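Below is one structure; the comments refer to it alone.
Side chains are part of it too, since the values below use all heavy atoms of this structure and drop only hydrogens, waters and symmetry mates. Labels below follow one simple rule: chain letters A, B, ... track the order of the sequence lines, proteins then strands, and each chain is numbered from 1. Only a predicted model underlies this, so the values are computations on that prediction, with no experimental measurement involved.
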Amino acid sequence: MRICVTSKGKSLDSVVDPSFGRCAYFVVVDSESGSVESLVNEGVDAAGGAGIRAAEAIANLEAEVLLTGSVGPNAFSILSEVGITVWVGVNGTVKNSFREYLEGRLESISAPNASVHEGMK
Amino acid sequence: MKIAITSGKGGTGKTTVAVNLALSLGEVQLFDCDVEEPNCNLFLGLDLEKVEDVLCPYPLIDSDKCTLCGVCADFCRFNALAALPRKVLVFPSLCHGCGGCRLVCPAEAVQEESKSLGIIEKGMSGNSPDLYRGLLNVGEGMATPIIRALQRHIDPERPAIIDSPPGVACPVLAAVGNADYCVLVTESTPFGFHDFKLALEAVKLTNIPFGVVINRDGLGDSRVEEFCRAEKVPVLLKIPNDRRIARLYSEGVPFVEEMPGWKEKFAGMFEAIKSKVDPGTVKA
């Protein structure tokens, strides 16, 4: 399973970034193979629609699970469309959030938990 | 000739100047381009009729033709399209209607649908200026297409008075940018002066000749006048901070209708503006 964590850096030891649309990087961990890859969030400086750009990017990375802090309505509609499940409450490092997810300590959401432009505040 | 009335700060008296100027001139058109809060008709009280829906096109993807190449989503500066592994999703509220996605699609899979941004209304009566006003839908972000649509009703044979929204962003430049002269309304308070300097910077970008009306003159201090003198910005008119003008304003009555001599002053300002606009450069 491919699990995406929003992050301020590129590695497992980077600090997580709780803003989905305007995070710096996506770190994708493959839970079977253990491989780690990262992708720059190209939408970080978008005037609008950053969440859409971010959701599109991780959909095309074929992530199945997203670990983050908050997701707005436009991004959430894309994640739902492609069947990516969203878990919130990340903290500390990417590795820590990944572990907390596996231990069932993150919260799954079935609706957006932020308004549009939340990441610009 | 088109005269735009603008300001940095809201509530400085743009609508007061626009309406009273229009009433002082007779055969003119008045355009209320403050489409978020069009107030001119509070002074005029005309019966309004809708003349136009202002629409904005947005893409509709034909999934039979779409090859999921993603060129449309890459092109869109407003991120209104998301190219996903199995479909392209459209977010109409982010679309600015440029039509670029349709042009760049190699599979001709982008069709157009349209959404309403607001309406244009018209009001006429024998002894009032003809009024056109735009009304932006509540919650809609794009004011400029409505302001542009409004200005398509300008009759080049008559003077047009354009009441602009306040501020320094796109809607203001859309209202002011095609005018032949710009009147900046301000008041000499710290707030008025601060926002006046910002508005001045915006108007200078347009290369349109401009002058200043000081409203509520006598309130605050003299810094606006001192600034205008130093920068050689003409002060066209001063409207005093007068109790009677304030009372008429609070009752929704244009003060030129009740106070003798003011129609002449506004007409004189119009003549002064006309003399500063080169007839060869008047924009169609």
Side-chain angles (χ1 to χ4, degrees), chain A residues 1-4 6 19-24 26 28 30 37 39-66 68 71-86 111-112 114-121, chain B residues 36 56-63 66-101 104-105 109-110 113 115 117 136-145 167-174:
Chain A
M1 189 160 56
R2 288 168 64 76
I3 299 165
C4 174
T6 54
S19 161
F20 173 62
R22 295 187 186 275
C23 70
F26 306 107
V28 180
D30 189 309
E37 60 182 299
L39 182 78
V40 174
N41 178 11
E42 301 283 358
V44 67
D45 292 323
I52 292 171
R53 199 79 309 146
E56 179 189 57
I58 70 161
N60 289 315
L61 282 172
E62 294 173 337
E64 292 149 89
V65 171
L66 169 65
T68 188
V71 177
N74 290 333
F76 199 89
S77 67
I78 293 177
L79 300 172
S80 302
E81 172 71 32
V82 298
I84 297 174
T85 58
V86 184
S115 61
V116 284
H117 297 163
E118 190 72 28
M120 294 175 89
K121 289 172 188 163
Chain B
E36 287 187 59
C56 174
Y58 68 88
L60 200 66
I61 309 295
D62 181 340
S63 55
C66 177
T67 62
L68 301 170
C69 69
V71 170
C72 56
D74 275 347
F75 179 82
C76 184
R77 281 295 149 271
F78 299 102
N79 297 327
L81 293 149
L84 307 176
R86 275 186 286 278
K87 74 188 287 190
V88 174
L89 273 188
V90 180
F91 292 85
S93 65
L94 278 83
C95 175
H96 283 51
C98 74
C101 51
V104 299
C105 176
V110 181
E113 192 56 76
K115 58 177 178 175
L117 301 176
L136 183 71
N137 292 343
V138 171
E140 172 57 56
M142 282 197 292
T144 49
V168 292
C170 302
V172 173
L173 293 172

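- Contact annotation for A:Ala57: neither backbone nor side-chain heavy atoms come within less than 4.5 Å of a heavy atom of chain B.
- Taking each heavy atom of B:Leu94 and A:Gly48 in turn, the nearest pair found is CD2-C, 4.1 Å.
- Residue B:Phe78 touches chain A through its backbone alone, counting heavy-atom pairs closer than 4.5 Å.
- Listed here is the closest heavy atom pair of A:Ala59 and B:Leu84: CB-CD2, 3.9 Å.
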Let me see the donor-acceptor pairs closer than 3.5 Å between chain B and chain A, or none if nothing turns up.
{"unit_1": "B:Ala73", "atom_1": "O", "unit_2": "A:Arg53", "atom_2": "NH1", "d": "3.3"}
{"unit_1": "B:Asn79", "atom_1": "OD1", "unit_2": "A:Arg53", "atom_2": "NH1", "d": "2.4"}
{"unit_1": "B:Asn79", "atom_1": "ND2", "unit_2": "A:Gly48", "atom_2": "O", "d": "2.9"}
{"unit_1": "B:Asn79", "atom_1": "ND2", "unit_2": "A:Gly49", "atom_2": "O", "d": "3.4"}
{"unit_1": "B:Leu81", "atom_1": "O", "unit_2": "A:Arg53", "atom_2": "NH2", "d": "2.9"}
{"unit_1": "B:Ala83", "atom_1": "N", "unit_2": "A:Glu56", "atom_2": "OE2", "d": "2.4"}
{"unit_1": "B:Ala83", "atom_1": "O", "unit_2": "A:Asn60", "atom_2": "ND2", "d": "3.0"}

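- Heavy-atom distances place the side chain of B:Leu89, and not its backbone, under 4.5 Å from chain A.
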